[in-house]
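As the structure is a prediction and not an experimental result, all values here were calculated from the model. Per chain, numbering begins at 1; letters A, B, ... match sequence-line order. Any value given below was found using the heavy atoms of this structure, including those in side chains, with hydrogens, waters and symmetry copies removed.
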Amino acid sequence: MATRLEDPRVVEFDVRTDEMLVNMGPQHPSTHGVLRLVLRTDGEVVSEVQPHIGYLHRCAEKIGENLTPRQWIPYTDRMDYLAGMNMNLGWSLTVEKLLRYELPEKARHLRVIICELGRIASHLVGMGAYGLDLGTFSPFLYAFREREKILDLFEEACGARLTYSYICPGGATADLPKGWLQKCEKFLDEFAPVIDEYHALLTTNAIFIKRTAGIGILPAEMAIDYGCSGPVLRGSGVDFDLRRDGEPRYTSMYDGYAFEVVVQKDGHYPRDHKYPPVPKEAVLGDCWHRFYVRMLEVVQSMDLVRQGIEFYSRSKGDWGTPIKLNQKLPKGEAYLETEAPRGQMGFYIVSDGSSIPWRVRARSSSFCNLSVVSELCRGCLIADVPAIVGSLDIVMGEIDR
Amino acid sequence: MIGAVIDWSAFLFYLFAAVACGFALAVVLSNHIVHMAFYLTLALGATAGLFLLTGSQFVGAMQFMIYVGGTLVLLVFGVMLTAQHRFVSIRTRAGEWITAAVLGGALLMLLGYVAWAVPDWHAAPPAHVPPEQVESTSRLGLALTGVRMDGGSGYALPFVIVSVHLLVVLIGAGYLARARVRVSDAAARKEMP
Amino acid sequence: MTPWLGPITVSHYLTVGAVLFVAGVVCMAVKRNALGVLMGVELVLNGANVNFVAFGSPLLRSTSLGIDGQLLALFVIVLAAAEAAVALAIALNFYNNFATIDVDRADELKG
Amino acid sequence: MLPGVQVGQPVAHRLAYLWRAPAWGRPLLVERSSWDRCRRGLSIEGNDVVEFFEATLNWPSWLAWTAVALIQCFLLINLVAGGALFFIWLERKVAGRIQDRLGPTRVGGKFGWLQTLADGIKLLAKEDIVPKEADPFLFRMAPYVSFTASFCGWLALPFADNWVGQRLNVAVFFIVAIVGLEVFGVILAGYASGSKWSLFGAMREAAQVVSYEVPLGLCIVVPVMIAGSMDLVTIGNKQAGYFTNWFIFHDPAAFVVFWVYFTCAVASVNRAPFDLAEAESELVAGFHTEYSGLRWSFFFMAEYGSMLLVSALAAILFFGGWHGPFPIISQGLVPALAAMTGASVDSPVLVYLANLAGCANLIFKAVIGVTVMMWVRWTLPRLRIDQVLTTCLKYCVPLAALCFLAEVWFQLYPHTNPMPLNRLQWGAPRASIEVREGWLPLSPVSPDDVQEAQLTHSQEHRG
């Protein structure tokens, strides 16, 4: 059978150069922390990529088996350190599931507000850093400028800017301070026009489209096979979002909220009419779509925060009482998955009846998302490797734990 | 009086000549292919300086542009493509060196003798040269299109022949180093049962 | 009059050209790396060019070649570029087929 | 005579006829000829200063020439090095402002003027490391090769009328050729570093610069064609007067070709979005991954030097060089000052002042060009290597070639003629052929002259 040029396995080459093994990382500007990618290259063409992980391993799960659930909260912050609030939430919900704890209404809305803000902050970093991976520096700082405002809000609520330990089993450590909601609304009003700036600098930029559209195409089946989740999965056109499709214990948090899962249906994204249309070079599942899904999720989260503010200010009661530090856990196990900014974040807890869990386990989304790298990077150019890895938006703290 | 000794054009000539000859010898004597390419660059750059000294500014700039900037970059590119460890320095046998040195020395002596054999060639240069005789760029350009104001023959046909030749070379080099289709090793490995 | 103190004449340039030429010839003869041989060719062509330009310079000799010397040098430069491109393509092809760049091992008459 | 094609008289006349001056051609400013010093081969400009040294200070001739050469080198090297200091500061300020930051604010007062100097001192104090796998000789040489190439281009660049290190009649060509040599340092650095990332950077640089030299060369031919000379002083002086005389506004082809030139210039000096050789997100730092300290800063001086050089070249080729948007030198400043002070129009002081203003004008334009490059760098993502080459071969080369052809058309058929096609008469040559200055040194030539020249030439040869 004659090999045709369109065959994806074909690598075109001009001059035979010997294959070269190149270490991209663990100290490399665009591997998002301490990821090490071993590239087998033939000139500029990458024939194989192997991710090597474990440089940030801190035994978080083992530590969790020696601390009470509330004591382990700060360690969850350090998993996906760009979305600490969402990590707190996942763990808290899991523990609450084990405890069969019913959350007060106000705490539910507080958690929605905080977690969606956390999602915005996380996507802002993902988006800015993606610009950095493609060689443009300014959007990164524009993104950080806005993220800073979110961090200010968080700081006001919980006193910390990166590792919050704010949401905890039973509710949150404190209620939102006075005037916080107004500040939050002000932020949202200011932030809305800035998104157009990002679209101008990145989404619709000709060079950006050239660099991302049609690159690193992840078919929906492959995404499902590898267990990808979050924007990576939805970027491939799979309509799946745990906020809608998850367990009732999690989805009930979003009861009463109106939102639409960001995924391409019939060639259109919800709300993409507000933005310049999908470029014709873009193929569903490529880097551009993953990026675009994140951009739209930012808008979606802004909507959710606005709704949450409304619900929160209308609801009565308190923000929940955190469980005791050494709360006895019922014998049994609980597993719950939440939709973190990077995808499906699952926590598993097994208790033998003491206050310290017998087994703690985290299922991180970045780990599964990273595992497709070697599939996506086969036959691409070296410059595409950061583009592809960046579009997966991985956080090593979550992978290595 | 030292002022009589320092004639700048002579000084520059000797400078460029020394650089050109010295690095040409270094090209011969060096065994390291990348070093050779570097020395060759310097030698050819100094030759361009010599061209400028004779008033042939266009040829000098051309030497920089095409030779040093184009051909040599191409050469270095080729060197880097093939500069595996075992090919960086391929040693030559001593016998070859001796033969080459004897023959080269003889050739050099012959050429050197010839260079100084004709008295007219080292007679004193003209004291005054009118500028329009030195300024040659436009005359060169016109000569290439076949117009000669000094009555010599034009170069339109050679120019066209060279153009066609370059086109043929372009196609030929592209054909020789053409892209080949190959299945990547990883994919091939996967194919194997 | 010693050549060192007198004015620079055509003969001086011819001497430089001779050195470049001989260096190129020796380089072509002794180098076993195909690209080294190519560099020798470039040196030879440059040696010839120096002569052309020197004979064509009105500054050095009143009965000079005129612009014909420079024109020939130009043709040589352009053709040298073409020659280098082809030679490089051949060298790379050779390297692709034989996995060596040593010309002494290019003694098979098949590709 | 050497073999060649003997072209008959009529064709010669036709060609010369085609190259005659367009009707709107501006009279050329009177230039001092540098050819009286042709005897020395490489003539050194600035003979006023030499005369001053010789006549007033009684210095011997060789010392005067040496002193002048040294002064020129000193000025140029300070321009390049000081320019690098300034531009690195400016880059940080521009980047800061673009990114909603302040940039340097502390060292040297409110605006952080001395930040680069402080960095430079820090770089000087750093350890000079040569990696174990590196080729030490080439590793050490490479930054100097880059810097030398970038610096040499300045030798032929005029700053004002006849303010030039070495006036060459092929100055444009020379500068473009020399700027292309900077790639050598980068390739050597990439190879000699013994690092795979550096090697990738070097390979990319080689491929990129060699291919971008083609459209760059085509682009500079357009203003050269308009001016009829490759001498930058002549090109600059042909744009004297108001900004309407600038070559960028000469015709549409020149306007388009400027943008192609700018793109190619950005690519050939390795600035974003074409900074693939040092793409930090892919290749760590590309060819200078293994460099630190002073050697590393030499690469940066080379980069900023080349940026300023191509911008200055653009200013001369397209934006009137030292001639401002309003007449400064010839029609403006000098007569005005002369009228005010009562001095003669040729007064050296006035000419000097006018040239100084022109020099500042040129540098101002060049700095604007560099600032635009910075603006582009901090706005756009980086292209991929295949896209860079595609941009060159698919867009820049055809566009430049088209502009070249269009410019030929504009040169052959002046706008003054309502029916341009009737110029396309290959009929009888006119009695007297006007030849534009710059194209031919022999101005007005009549067919008789040519015949006579031929005759005398053949007689000379027979005799």
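The greatest number of non-hydrogen atom pairs below 4.5 Å with chain C, out of B:Ala117, B:Ala17, B:Gly104, B:Ser56, is found for B:Ser56. Your options are C:Leu14, C:Val16, C:Val86, C:Leu71, and the one with the most heavy-atom pairs under 4.5 Å with chain B is C:Leu71. Between chain C and the options B:Cys21, B:Ala18, B:Ala100, heavy-atom pairs under 4.5 Å are most frequent for B:Cys21. Ranked by heavy-atom pairs under 4.5 Å with chain B, the first of C:Leu88, C:Ile90, C:Leu20 is C:Leu88. In terms of non-hydrogen atom pairs under 4.5 Å with chain C, the most contact-rich of B:Leu170, B:Leu111, B:Val168 is B:Leu111.
At a 4.5 Å heavy-atom cutoff, C:Asn51 makes no contact with chain B through either its backbone or its side chain. With a 4.5 angstrom heavy-atom cutoff, C:Tyr13 touches chain B via backbone and side-chain atoms both. With a 4.5 angstrom heavy-atom cutoff, B:Ala37 touches chain C via backbone and side-chain atoms both. With a 4.5 Å cut-off on non-hydrogen atoms, B:Leu140 touches chain C through its backbone and its side chain both. For C:Glu83, no part sits under 4.5 Å from any heavy atom of chain B, backbone or side chain. Of the atoms belonging to B:Thr47, it is side-chain heavy atoms, and not backbone ones, that fall under 4.5 Å from chain C. Only the backbone of B:Ser30 comes within less than 4.5 Å of a heavy atom of chain C; no side-chain atom from C-beta onward does. Proximity to chain B involves both the backbone and the side chain of C:Val30, based on heavy atoms less than 4.5 angstrom apart.
Considering CG of C:Asn46 and CG of B:Leu50, their distance stands at 10.0 Å, rounded to 0.5 Å. Between atom CG of residue B:Leu72 and atom CE of residue C:Met39 there is a gap of 8.0 Å, rounded to the nearest 0.5 Å. To the nearest 0.5 angstrom, C:Ile77 atom CD1 is 7.0 Å from B:Ile66 atom CD1. Of the inter-residue distances, the one linking B:Leu144 atom CG with B:Ser163 atom OG reads 9.0 Å to the nearest 0.5 angstrom. Atom CG of B:Leu52 is separated from atom CZ of B:Phe64 by 6.5 Å, given to the nearest 0.5 angstrom.
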Kindly determine whether B:Phe51 and C:Gln70 satisfy side-chain contact (heavy atoms from CB on, under 4.5 Å), including the steps that lead there.
-> CA-CA 9 Å; B:Phe51 291 171; C:Gln70 295 183 34; over 6 Å; no
Would B:Phe23 and B:Phe38 satisfy ring-ring contact (aromatic ring centres under 6.0 Å, His included), going step by step from the backbone distance to the final call?
-> CA-CA 9 Å; B:Phe23 283 108; B:Phe38 178 61; 7.3 Å; no
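Under the side-chain contact (heavy atoms from CB on, under 4.5 Å) test applied with B:Tyr39, the options B:Leu25, B:Val28, B:Val27, B:Val34 reduce to a single match, B:Val27.
Judged purely by atom type and a 3.5 angstrom limit, B:Thr99 uses its side chain to pair as donor or acceptor with the backbone of B:Gly95.
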